[in-house]
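These notes concern the structure reproduced below.
Heads up: numbering here begins at 1 and tracks the sequence. When a ligand or atom number is given, it counts from 1 through the structure's own listing order. These numbers come from a predicted model, not from an experiment.
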Amino acid sequence: SYVGKPVKRIYDDKFVTGRSTYVDDIRIPALYAGFVRSTYPHAIIKRIDVSDALKVNGIVAVFTAKEINPLLKGGIRPWPTYIDIRSFRYSERKAFPENKVKYVGEPVAIVLGQDKYSVRDAIDKVVVEYEPLKPVIRMEEAEKDQVIIHEELKTNISYKIPFKAGEVDKAFSESDKVVRVEAINERLIPNPMEPRGIVSRFEAGTLSIWYSTQVPHYMRSEFARILGIPESKIKVSMPDVGGAFGAKVHLMPEELAVVASSIILGRPVRWTATRSEEMLASEARHNVFTGEVAVKRDGTILGIKGKLLLDLGAYITVTAGIQPLIIPMMIPGPYKIRNLDIESVAVYTNTPPITMYRGASRPEATYIIERIMSTVADELGLDDVSIREKNLVTELPYTNPFGLRYDSGDYVGLLREGVKRLGYYELKKWAEEERKKGHRVGVGLAYYLEICSFGPWEYAEVRVDERGDVLVVTGTTPHGQGTETAIAQIVADALQIDISRVRVIWGDTDTVAASMGTYGSRSVTIGGSAAIKVAEKILDKMKRIAASTWNVDVQEVQYEKGEFKLKNDPSKKMSWDDVASIAYRSHDPGLVEKIIYENDVTFPYGVHIATVEVDDTGVARVLEYRAYDDIGKVVNPALAEAQIHGGGVQAVGQALYEQALLNENGQLIVTYADYYVPTAVEAPKFTSVFADQYHPSNYPTGSKGVGEAALIVGPAVIIRALEDAIGTRFTKTPTTPEEILR
Ligand code: MCN
Ligand code: MO
């Protein structure tokens with residue numbers, strides 16, 4: 001059997017030999033697109049003159065709002081599958097602004113030409129006359145509504161909902177102490193290796209789109225809605241995608257403009273974001289929590305009240321709407337805190353729109369609650385382990401105060417086992433000794449509970465060909481995780497055949513009948529479970545074919561390891577290949593089964609620890625990162641571990657180095673020279689252990705997700721280690737050298 005083993009990734013040859021196909025490698029003759037972008041954070045567009053740009057050799061067209069927007073029947077809006085969009089104030093965003101720009105970098109025109117270089121030249125020749133307006137960059141200012149960004153909304157506040165549960169006032173009146181906590185996540189940039197990209201062709205009334213996305217079907221329906229073209233006439237195809245990290249779920253106005261241009265011109269159009277465009281396209285996080293915690297002297301947390309302020313940027317993206325809802329609901333985390341009053345406020349600012357980044361909402365919620373745990377421990381003179389032991393939920397399943405139903409686990413057991421297995425106390429002792437010698441080192445610990453497998457459903461299909469080889473069509477859309485290998489393992493086991501006979505495909509709306517996609521660490525669990533269910537259907541069908549060949553009842557047929565047998569006459573056998581070939585010879589429509597599998601969310605959890613060292617200049621490095629997780633059944637330990645490594649490195653970046661710094665004019669003032677994405681050099685040494693005594697989800701795979709875990713808890717772990725090293729309280733990610741040595 002394959003499940004549970006570190007099977008090597010099945011499609012890696014092309015990646016290691018440089019023969020993978022990203023959007024930019026799709027070679028169809030197409031015009032290149034580039035964008036004229038606003039240089040002001042907030043300004044009225046007085047005039048756009050494209051005449052000089054059109055004179056540049058090779059330029060075919062320059063389109064502004066005037067040409068593009070009339071084509072659009074709708075605009076970009078939040079994702080209604082996951083949120084009630086009526087609770088937000090927003091206007092649907094068209095491709096280009098008609099009278100006002102709202103952030104630096106906002107596209108105002110698309111330039112289309114024969115080659116990238118003439119496009120680049122022509123962009124500089126487009127004259128845009130602006131009348132600058134006072135911008136509002138900081139969300140605390142935006143909330144005051146002195147400068148209004150979207151006049152039609154009459155306020156910058158898009159969302160303002162109190163999340164209340166239990167009796168907060170009573171909790172505070174019964175407390176021994178009230179502890180103030182602040183937790184800040186600065187804006188950062190996901191930075192997948194492959195930037196965003198799209199190729200669009202409109203031919204004979206049919207739109208073909210190659211797109212670096214995580215959600216081809218959702219995008220098909222969005223293009224259909226916005227362009228007023230039936231879905232049957234749109235094909236969205238996801239080639240190899242070189243990383244996405246949640247930031248390729250939202251639709252960008254640039255991408256809409258590319259598609260619209262291909263329709264207007266009747267010629268294919270392509271766009272691949274430059275690195276600096278990518279840095280504008282996918283900015284994420286940026287929120288501030290300020291609150292008070294009611295505690296008993298023994299460490300029991302009675303209640304939390306506070307305010308969560310979130311930056312949306314200038315427009316609400318498809319995905320940003322999820323965060324003001326999920327963060328407060330997940331703030332109680334794995335702890336039995338039942339009295340909460342958290343006001344969640346999301347505001348518009350004159351800055352690039354905020355999207356999702358790995359974990360989207362759970363990193364923020366985890367950071368807040370883990371800052372609360374550690375700060376309360378410090379205030380009461382308790383340690384990081386006992387404060388958590390005291391408050392962890394002990395009986396599962398458990399319904400949290402906001403109605404989330406935690407499915408399974410042993411939270412206290414995992415903490416105890418985790419600190420032992422990861423050598424937490426040994427590291428604490430080591431750090432203490434080192435500090436006595438004058439070295440600035442520290443150890444941090446944090447715990448997380450996260451919500452995975454947002455559904456509600458996923459699609460799977462299995463086809464067995466006439467030779468008995470198996471094609472699995474999955475609705476999930478792997479883009480680096482290796483989930484296709486895990487799904488192949490699952491199907492090979494379900495069908496008891498060799499994994500080399502299984503091929504897995506995904507990501508094309510013409511090939512895949514329906515799909516939700518890959519995000520929220522759902523794929524192996526919901527996609528793998530869909531694959532198990534459909535494999536069972538195929539086996540049933542094959543048993544029925546064997547039965548009818550033998551003229552017996554289907555109950556008489558047994559299947560084991562590639563052989564169909566008669567129960568009471570084991571000498572009667574047919575191989576897997578024989579049955580497959582009979583199916584085709586009998587002109588059966590073929591061995592094809594499909595399914596939509598539906599299930600609820602699931603909650604993995606774990607404890608991670610890290611050690612940091614701070615040098616004389618205040619630069620901190622994470623030396624070691626150790627993780628102990630209960631992710632249910634582990635399908636492929638090598639893949640799951642790789643997720644801890646990748647997320648862990650991104651956590652190092654978020655905690656210590658990465659900040660998308662905007663100046664008072666809303667100008668992004670960092671480039672790769674000072675936006676410091678950790679590389680292999682800054683990567684810590686990793687230890688990743690998955691609990692042997694795991695608690696399965698109620699999915700057929702028994703698995704829970706792991707794709708975001710280390711970035712969900714890592715920032716809290718590393719900031720705690722910094723506090724240990726320096727002996728100061730830190731609240732922010734990133735905590736930078738000047739703050740460390742302040
Ligand atoms: N796995 C496993 N056993 C489990 C859980 C997971 O073997 N019990 C393995 C899976 O087989 C898969 C990997 O771990 O190879 C992640 O699986 P899962 O947790 O189901 O997550 P998804 O496949 O749905 O991936 C999405 C997740 C998200 S939401 C972000 S963000 C993220 C992440 O994956 N983006 C990534 N990891 C990424 N890794 C890469 N290389 N690139 C990205 O863009
Ligand atoms: Mo994600």
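- Note: no N/O pair closer than 3.5 Å links Pro637 and ligand 1 by distance alone.
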Would you please test Thr21 and Asp240 for side chain to side chain donor-acceptor pair (under 3.5 Å) and show each step? CA-CA 5 Å; Thr21 307; Asp240 290 328; 4.7 Å; no
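- Close contacts between ligand 1 and Leu639 involve ligand atoms 11 (O), 15 (O) [criterion: under 4.0 Å to a heavy atom].
- Residues Ala651 and Ala710 approach most closely at CB-O, 3.6 Å, considering heavy atoms.
- Minimum heavy-atom separation, Leu539 to Ala494: CD1-O, 3.6 Å.
- Remark: ligand 1 and Gln481 share an N or O pair separated by less than 3.5 Å (distance only, no angle test).
- Residue His479 approaches ligand 1 through these ligand atoms, each under 4.0 Å from one of its heavy atoms: 42 (N), 43 (C), 44 (O).
- Between the side chains of Gln489 and Asn636, a donor-acceptor pair is found at a separation under 3.5 Å.
- Nearest to atom 42 (N) of ligand 1 among the protein's heavy atoms is Phe245 CE2, 3.5 Å.
- Atom 7 (O) of ligand 1 has its closest protein heavy atom at Asn636 N, 2.8 Å.
- Near Ile631, with a cut-off below 4.0 Å to any heavy atom, the atoms of ligand 1 are 4 (C), 5 (C), 8 (N).
- Of all protein heavy atoms, the one closest to atom 8 (N) of ligand 1 is Lys633 O, 2.8 Å.
- Under the 4.0 angstrom criterion for non-hydrogen atoms, Ala244 is in contact with ligand 1.
- Electrostatic pairing of Arg362 and Glu364 does not count as a salt bridge here, judged by no charged N lying under 4.0 Å from a carboxylate O.
- Between the side chain of Asn185 and the main chain of Thr733, no donor-acceptor pair closer than 3.5 Å is present.
- Nearest heavy-atom pair, Gly455 versus Tyr519, reported as atom, atom and distance to 0.1 Å: O-OH, 4.4 Å.
- Heavy-atom separations between Gly646 and ligand 1 are all 4.0 Å or longer.
- Between the Thr317 side chain and the Ile354 main chain, a donor and an acceptor come within less than 3.5 Å of each other.
- Relative to the ring axis of Tyr315, Arg93 places its NZ or CZ within 45° and under 6.0 Å from the centre.
- When Gln643, Met193, Glu708, Gln489 are checked for heavy-atom proximity to atom 30 (C) of ligand 1, Glu708 turns out nearest.
- Every atom of ligand 1 is numbered from 1 in the order shown, and the set under 4.0 Å from a heavy atom of Gly705 is 19 (O).
- Among all protein heavy atoms, the one lying closest to atom 5 (C) of ligand 1 is Lys704 O, 3.2 Å.
- In this structure, Asp630 and Lys704 approach most closely via the heavy-atom pair O-CD, 4.5 Å.
- Within 6.0 Å of NZ in Lys14 there are more than 12 heavy atoms belonging to other residues, nucleotides or ligands.
- When non-hydrogen atoms are compared, ligand 1 lies under 4.0 Å from the backbone of Tyr519 (N, CA, C, O) but not from its side chain.
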Side chain to side chain donor-acceptor pair (under 3.5 Å) between His608 and Asp629, worked out: CA-CA 8 Å; His608 290 197; Asp629 300 278; 2.8 Å; yes
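- Close approach of ligand 1 to Gly246 is summarised as follows: ligand atoms under 4.0 Å from at least one heavy atom of the residue are 31 (S).
- From the protein, the heavy atom lying nearest to atom 21 (O) of ligand 1 is Ser521 CA, 3.4 Å.
- Looking from atom 24 (O) of ligand 1 to the surrounding protein, the closest heavy atom is Ser523 OG, 2.7 Å.
- Scanning the protein for heavy atoms near atom 2 (C) of ligand 1, the closest one is Val635 N, 3.6 Å.
- Under 4.0 Å from ligand 1, heavy atoms of Val524 appear from its side chain as well as its backbone.
- Considering backbone and side-chain atoms alike, Gly243 places every N or O at 3.5 Å or more from each N or O of ligand 1.
- Less than 4.0 angstrom separates some heavy atom of Ala486 from each of these atoms of ligand 1: 11 (O).
- Between the Thr485 side chain and the Ile10 main chain, a donor and an acceptor come within less than 3.5 Å of each other.
- Those atoms of ligand 1 that come under 4.0 Å of a heavy atom in Thr483, given as number and element, are 12 (C), 15 (O), 23 (O).
- Between Glu370 and Arg720 there is no salt bridge, since no side-chain N of the basic residue sits under 4.0 Å from a carboxylate O of the acidic one.
- Protein heavy atom at the shortest distance from atom 19 (O) of ligand 1 is Val706 N, 2.7 Å.
- The distance criterion of under 3.5 Å between nitrogen or oxygen atoms is not met by Val634 with respect to ligand 1.
- Residue Gly520 has at least one heavy-atom neighbour below 4.0 Å for each of these atoms of ligand 1: 29 (S).
- Checked by atom type and distance alone, the side chain of Ser344 pairs as donor or acceptor with a backbone atom of Pro324 at under 3.5 Å.
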